[in-house]
Amino acid sequence: MSTATHAPHRYFERVAARATAAEQDPICVYLETTNRCNLLCTTCPRTYEELEPPADMSWDLFRRIVDQLPRIERAVLHGIGEPMLVKNLPRMVRYLKDRGTYVLFNTNGTVLNEKNGCALIDAGLDELRVSLDAASAQSYQAIRGKNYFNRILKNVRAFRALQERLGSERPRVSAWLTGLKETIAELPDFVRVAAEIGVKEVYLQRLVFFEDDAIGHARPDQALYERMTRDEAHYLDEATALAGSLGLSFSASGAVSEPGLSLKRPEDGSPWSMCRRPWTVMYFTANGRALPCCIAPFAQRGYEHYTLGDATQQTLQEIWNGPAYQSFREGLLSEHPPAACANCGLRWSL
């Protein structure tokens, strides 16, 4: 495969015409390296329900999936869980990097240390995204359920110092704050915290929530999407100016893990119509279940409603253009989309 560019947004601009059968192989793969986590985030469904049996993705399953995608350009090694709990994680990164794949994952930073940090640097990880979600220990505990805020700051600061000592520009380290009405006022302080621990990129991430029958506490009234007041917008402006003065890059566009795919509400009221994921992305849980995207677990209760295949029993080609995937795409192209997609563009915060 060509590795001339890894600008993420370019991957998803090269989408063939949408039809029930995909004309090209997926560009990006999500591998849920584990569904275990050491936090209890109030906005995450796994805090409240066991979505699948607890598991780390086995090396054999990882190889089985990746070896069927020889030209995959982008691999995201997270899902519902904390990737850095997985012993094989650096080995997985190295295996993908040896194929020329761009590799990233989100972490909560709680178990980042010099040993596993060195291993990820040596493996060639491209991006390390730290989901911090607060600018103070009090807010962090309220949102994420554990009192790990100061530990994470210490871990990330030490990792950035390690990179400086080693002269390593990779992985790019970024800090992420989920856009909640409860925390938007902390955004300027969040930028300051990022600068203090040596992080040069800050992102405001969109909140995913259920319209009805919510799992947990991710609610429409927490989201900022089309609900931002003048005062709340002021915090964005302040954070933008502060980031510029500190030499940080700051994005408040609500960028998702595939930049360029952020959904905006079209005038015809069909937000799902802009989605390209079922033609570009495959997502596999730690147990090998194929899901349409990383948003699906938040969008509808019960994996059985949107499971598109099983990588432990089927080849990826059998899944990618099999009856379940084609039916899912057909629904997305219609005025009656799958339930997991119906209001997806409305479930983002910005």
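Excluded from the calculations below are hydrogen atoms, water molecules and symmetry mates; all remaining heavy atoms, backbone and side chain alike, are included.
- Note on Val199: it clusters hydrophobically with Leu162, by side-chain heavy-atom contacts below 4.5 Å among ILVMFWY residues.
- Rounding to the nearest 0.5 Å places SG of Cys37 at 7.0 Å from CG of Leu85.
- Between the side chain of Glu330 and the backbone N or O of Gln326, no donor-acceptor pair lies under 3.5 Å.
- A donor-acceptor pair is defined here as one N or O able to donate and one able to accept, closer than 3.5 Å; no such pair exists between the side chain of Arg18 and the backbone of Pro278.
- Between Asn108 atom CG and His78 atom NE2 the span is 12.5 Å, to the nearest 0.5 Å.
- To the nearest 0.5 Å, atoms CG (Asn106) and OG (Ser174) are separated by 7.5 Å.
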### Task
Mind running side-chain hydrogen bond (donor to acceptor under 3.5 Å, both in side chains) on Thr110 and Glu82 for me, showing each step along the way?
CA-CA 9 Å; Thr110 57; Glu82 169 48 47; 5.6 Å; no
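- In this structure, the side chain of Thr101 engages the main chain of Ile72 through a donor-acceptor pair within 3.5 Å.
- The environment of Glu169 atom CD is sparse: at most 12 non-hydrogen atoms of other residues, nucleotides or ligands sit within 6.0 angstrom.
- The environment of Glu304 atom CD is dense: over 12 non-hydrogen atoms of other residues, nucleotides or ligands sit within 6.0 angstrom.
- Checking side-chain atoms of Trp279 against main-chain N and O of Ala19 turns up a donor-acceptor pair under 3.5 Å.
- In this structure a side-chain-to-backbone donor-acceptor pair under 3.5 Å is present from Asn321 to Ala22.
- Of the possible polar contacts, none joining the Glu127 side chain to the Arg172 backbone as a donor-acceptor pair under 3.5 Å is found.
- When all heavy atoms are compared, the tightest approach of Arg144 to Cys41 is NE-SG, 3.0 Å.
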### Task
Would you please test Phe190 and Leu204 for side chain to side chain contact (heavy atoms under 4.5 Å, CB included) and show each step?
CA-CA 10 Å; Phe190 187 79; Leu204 183 66; over 6 Å; no
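- Although no hydrogens or angles enter the test, the distance criterion places a donor-acceptor pair under 3.5 Å between the side chain of Thr33 and the main chain of Leu77.
- The aromatic rings of Tyr95 and Trp59 sit perpendicular to each other, their planes meeting at more than 60°, with 30° as the lower class boundary.
- Salt bridge annotation for Arg64-Asp60: absent, with no cationic side-chain nitrogen under 4.0 angstrom from a carboxylate oxygen.
- Between Ala137 and Asn147, the closest heavy-atom pair is CB-OD1, 4.3 Å.
- Within a 6.0 Å sphere centred on CD of Glu318, other residues, nucleotides and ligands contribute more than 12 heavy atoms.
- A donor-acceptor pair under 3.5 Å links the side-chain atoms of Asn113 to the main chain of Lys115, judged by distance alone.
- Heavy-atom minimum distance, Thr280 versus Trp320: N-CH2, 3.8 Å.
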### Task
Carefully, step by step, assess Phe62 and Asn88 under the rule side chain to side chain contact (heavy atoms under 4.5 Å, CB included).
CA-CA 10 Å; Phe62 170 82; Asn88 275 330; over 6 Å; no
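- The backbone N or O of Ile197 lies less than 3.5 Å from no partner atom in the side chain of Arg157, so there is not a single donor-acceptor pair.
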### Pair Leu31-Met92, side chain to side chain contact (heavy atoms under 4.5 Å, CB included): steps then yes or no
CA-CA 10 Å; Leu31 300 173; Met92 292 174 171; over 6 Å; no
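- Side-chain N or O atoms of Thr307 include one that pairs as donor or acceptor with a backbone N or O of Tyr303 at under 3.5 Å.
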### Verdict with reasoning, Asp122 to Lys97, per salt bridge (charged side-chain N to carboxylate O under 4.0 Å, His left out)
CA-CA 11 Å; Asp122 290 343; Lys97 290 306 302 175; over 6 Å; no
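- How far OG1 of Thr34 is from NZ of Lys87: 14.5 Å, rounded to the nearest 0.5 Å.
- Across every non-hydrogen atom of Pro90 and Ala123, the tightest pair is O-CB, 3.4 Å.
- Ion pairing between a basic and an acidic side chain is recognised when a charged N comes within 4.0 Å of a carboxylate O; Arg160 and Glu164 show such pairing.
- Leu89 CG to Asn116 CG: the interatomic distance, rounded to the nearest 0.5 Å, is 8.5 Å.
- Smallest separation of non-hydrogen atoms from Leu132 and Val193: CD2-CG1, 4.2 Å.
- In terms of heavy atoms, Asn35 sits closest to Pro53 at ND2-O, 3.0 Å.
- In this structure, OH in Tyr306 is found 10.5 Å from SG in Cys341, a value given to the nearest 0.5 Å.
- Val130 and Leu40 fall into different hydrophobic clusters, where Ile, Leu, Val, Met, Phe, Trp and Tyr side chains are chained together by heavy-atom contacts under 4.5 Å.
- For CD of Glu52, the number of neighbouring non-hydrogen atoms (other residues, nucleotides, ligands) closer than 6.0 Å is greater than 12.
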